[in-house]
Amino acid sequence: MKIRLYNSLTNRLEEFRPLTPGKVLMYHCGPTVYSSPHIGNFRAFLLADLLRRFLEDQGFDVKQVMNITDVGHMTDDDEDQGEDKLQAEARKQKVDPWKIARMYEDEFRDCLDKLDFVMPHALPRATDYIGQMCAMIDTLLEKGYAYQVNGNVYFDISKFPEYGKLSNKVLDELEEGARVEVNTEKRDPRDFALWKVDDKHLMQWDAGFRDGVRGFPGWHIECSAMSGDLLGEQIDIHTGGEDNMFPHHECEIAQSEACTGKPFVGTWLHVKHLMVDGEKMSKSKGNFYTVSDIFGKGYSGHELRYALMRVQYRQSMNFTLASLNEARTAIARVNEARKRLARIAAGVEAGGADDLAARSETAETAFVGALCDDLNTSGALAAVFAFVTEVNKAAPDADGAKRALAAFDRFDRVLGVFGPTPEVGVDSVPQELLELLERRQAARAAKDFATADACRDEISRAGYQVVDTPEGPRLERV
RNA sequence: GGUGGCGUAGCCAAGUGGUUAGGCAAUGGAUUGCAAAUCCAUGAACGCGGGUUCGAUUCCCGCCGCCACCUCCA
């Protein structure tokens, strides 16, 4: 089936066609590791993970890179008065910036793990690519796209007329609307830094380009350098939050294309920012949630994934804690259906004669069709739940149950929100619980419901739920 | 001011020129000692005003309201 994606570069839905048929090269703007990752960050990262999983489901050989920015964006971008965010945090916590970076990188990786990410093939750190950045700067200087002033290197926007093609910024308007620039070194206020020199900066490197002065890289060059080094001059997909579109991605395009003379990215995908309780998430409003906050409230990675993925990435989305509870219930509904199928498949529960083949295929087709339509996760989930209802109504035979389970496994491989098929083994139930269950049955037969309920409570305290069925009671691990 | 987007039932959220989205919640029923799960049934919708059309929530125009980006931010 044709995959259609909304390309921010053209502002159109386009059929996705990678440069090399069957192979996809993807780059994602990852975290800047100067604070704990929050749920908004993860809405963007989840798009990357969903793409990876879905493209692989569709048979593509995917190579995926997500960067970790562990060096300096200016709090005030290119302006001299700004302070590197990592450095600012380091000063606040009174430790060196490298420690800050590693600490938050560890937390980020832990979140990836808890949210069940398929690990990108590379998670490069910007600081490991200073050499490549310098090489790029060298090329840009050589080709006349960049100039040096007092050791600082700037990209010369006037040499790249296509600047603005991604964000549709008209340069004249930008100029008018811009606030007063204090940097008199730049030939044009819109020129951006490739390399900065500042004695006070704590992270410094020798400049590996001609006439280079010791300093540190500008914000935008890292992505161009890492993408070029790990994926090559041209890639198929580049993702990030909508805020990255300008100026960050615009600058990436300018640098990369100036260097190579080739189109940098085929499809740009930008994730809409997450709202919380109807407003922009902010610390002062008290609606600011880190991923760890959510875990601290007792929700699982799958529940958070579900809550963040219910809405298609390009739609504005309002996050609430209530949506996590809905996620919990919804996931349980799917897994209840899978449990029953698993029991039938294993022969521990009587089935019927349905083979579920046609319905499973219909469901998978609907699921894939929704995702092919610009990753419409809402539609994909609707397909899953419609299938749940059909499965619950049906009386499948063992093979039919297996077929349906395969469909659910596929849904989960792509979405990653349901987890593996629940275990249905009965042999693992401790003997004393089985005895308790028998006592409960005896009490029920004698209409001694107080005793029966006491038995059930005890079983429940041991982590099992009693499920009464026409064939008798059954124990399930909670 | 520039750019992009949104307004669908109690909440969230798909989609379509005429035929059931889906989730959560609610109500009635089946099952049940109770509970859980499941099934059946029920109600409720397309911001406002025009236009095109046999027919518009779905296309066009206008209006109102909301949001994001344009500045560090995913």
Side-chain angles (χ1 to χ4, degrees), chain A residues 6 8 11 28-32 34-35 37-48 73-79 82-85 88 164 167-170 172-174 176-179 219 239-248 250 270-275 278-282 306-307 310-320 322-323 325-337 339-340 366 370 373 376-389 391-393 443-445 447-450 452-453 456-457 460 465-470 474 476 478:
Chain A
Y6 187 88
S8 307
N11 285 321
H28 315 289
C29 282
T32 302
Y34 69 102
S35 65
H38 62 253
I39 56 175
N41 295 320
F42 267 80
R43 163 124 114 138
F45 303 152
L46 277 168
L47 169 69
H73 300 185
M74 290 296 153
T75 48
D76 203 12
D77 199 18
D78 289 338
E79 304 314 319
E83 186 178 15
D84 180 309
K85 283 183 290 190
S167 53
N168 296 318
K169 301 289 177 210
V170 179
D172 298 351
E173 285 164 356
L174 259 186
E176 279 173 36
R179 49 191 182 148
W219 169 31
T239 75
E242 59 177 343
D243 56 294
N244 282 152
M245 190 147 78
F246 185 90
H248 183 54
E250 205 71 72
H270 288 97
V271 182
K272 262 279 205 190
H273 273 183
L274 184 70
M275 307 285 286
E279 295 180 304
K280 190 165 175 170
M281 182 164 59
S282 75
Y306 184 100
R310 305 176 2 237
V311 181
Q312 192 235 18
Y313 74 96
R314 213 152 50 78
Q315 301 299 321
S316 60
M317 172 182 172
N318 185 31
F319 176 89
T320 60
S323 72
N325 294 325
E326 291 180 16
R328 176 170 295 178
T329 313
I331 292 169
R333 176 168 164 78
V334 172
N335 283 331
E336 279 301 327
K339 273 191 246 178
R340 172 167 166 266
D373 182 18
N376 183 352
T377 44
S378 300
L381 282 169
V384 172
F385 283 99
F387 187 52
V388 166
T389 301
V391 159
N392 283 339
K393 271 197 253 195
R444 289 178 78 203
K447 304 262 187 227
D448 179 4
F449 297 118
D453 288 347
R456 185 168 64 191
D457 288 346
S460 141
Q465 188 194 3
V466 178
V467 181
D468 288 319
T469 75
R474 174 176 82 227
E476 273 183 25
V478 177

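Every chain is numbered from 1 and lettered A, B, ... according to where its sequence line falls, protein lines coming before strand lines.
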Contacts of [X] that satisfy side-chain contact (heavy atoms from CB on, under 4.5 Å) - sequence neighbours left out:
| X | value |
| --- | --- |
| A:Ala443 | A:Asp448, A:Thr451, A:Ala452 |
| A:Asp453 | A:Arg456 |
| A:Ser378 | A:Asn376 |

For a quick check of understanding: with a heavy-atom distance under 4.0 Å over all strands, which category does [X] fall into, base, sugar-phosphate or nothing?
| X | result |
| --- | --- |
| A:Lys280 | base |
| A:Met275 | sugar-phosphate |
| A:Val311 | sugar-phosphate |
| A:Val384 | nothing |
| A:Leu274 | base |
| A:Asp468 | base |
| A:His270 | nothing |
| A:Gly40 | base |
| A:Arg340 | nothing |

Separation of atom [atom1] in [X] from atom [atom2] in [N], rounded to whole Å:
| X | N | atom1 | atom2 | result |
| --- | --- | --- | --- | --- |
| A:Tyr313 | B:G5 | OH | P | 12 Å |
| A:Gln312 | B:G5 | CD | P | 13 Å |
| A:Met245 | B:C70 | CE | C1' | 10 Å |

Starting at the 5' end of RNA chain B, which residue's closest nucleotide do you reach first, A:Cys29 or A:Arg314?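 Here A:Arg314 is the residue nearer the 5' end.
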Taking the nucleotide of RNA chain B with the nearest heavy atom to each, does A:Arg43 or A:Asp373 sit closer to the 5' end?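 Nearest nucleotide further toward 5': that of A:Asp373.
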Examine the base of B:G33 for any acceptor or donor lying under 3.5 Å from a partner atom in the side chain of A:Asp453, and report the outcome as yes or no.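 Side chain to base: pair present.
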Just the atom pairs and distances: protein N or O near nucleotides 19-29 of chain B's N or O, under 3.5 Å.
unit_1: B:G23; atom_1: N2; unit_2: A:Glu326; atom_2: OE1; d: 3.3

Both distances below 3.5 Å, Watson-Crick or wobble geometry, any strand: find the nucleotide opposite B:U20.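 For B:U20, the partner nucleotide comes out as none, under the 3.5 Å rule.
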Excluding sequence neighbours, so at least two apart, what forms side chain to side chain donor-acceptor pair (under 3.5 Å) with A:Thr389?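 Counting only residues at least two positions away or on another chain, A:Thr389 forms a side chain to side chain donor-acceptor pair (under 3.5 Å) with A:Arg333.
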Just to verify, what does A:His38 make a ring-ring contact (aromatic ring centres under 6.0 Å, His included) with, not counting sequence neighbours?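 Testing A:His38 for ring-ring contact (aromatic ring centres under 6.0 Å, His included), a comparison that skips the adjacent residues, returns A:Phe288.
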One pair to check against side-chain contact (heavy atoms from CB on, under 4.5 Å): A:Lys339 and A:Val467. What are the steps and the verdict? CA-CA 12 Å; A:Lys339 273 191 246 178; A:Val467 181; over 6 Å; no
Does the ring of A:His273 meet both stacking tests against the six-membered base ring of B:A74: centre distance under 5.5 Å and plane angle under 30°?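 Base of B:A74: stacked against A:His273.
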Please report the C-alpha distance between A:Val311 and A:Lys272 in whole Å, then the side-chain angles of each, then the deciding distance to 0.1 Å, and finally whether the side-chain contact (heavy atoms from CB on, under 4.5 Å) criterion is met. CA-CA 10 Å; A:Val311 181; A:Lys272 262 279 205 190; over 6 Å; no
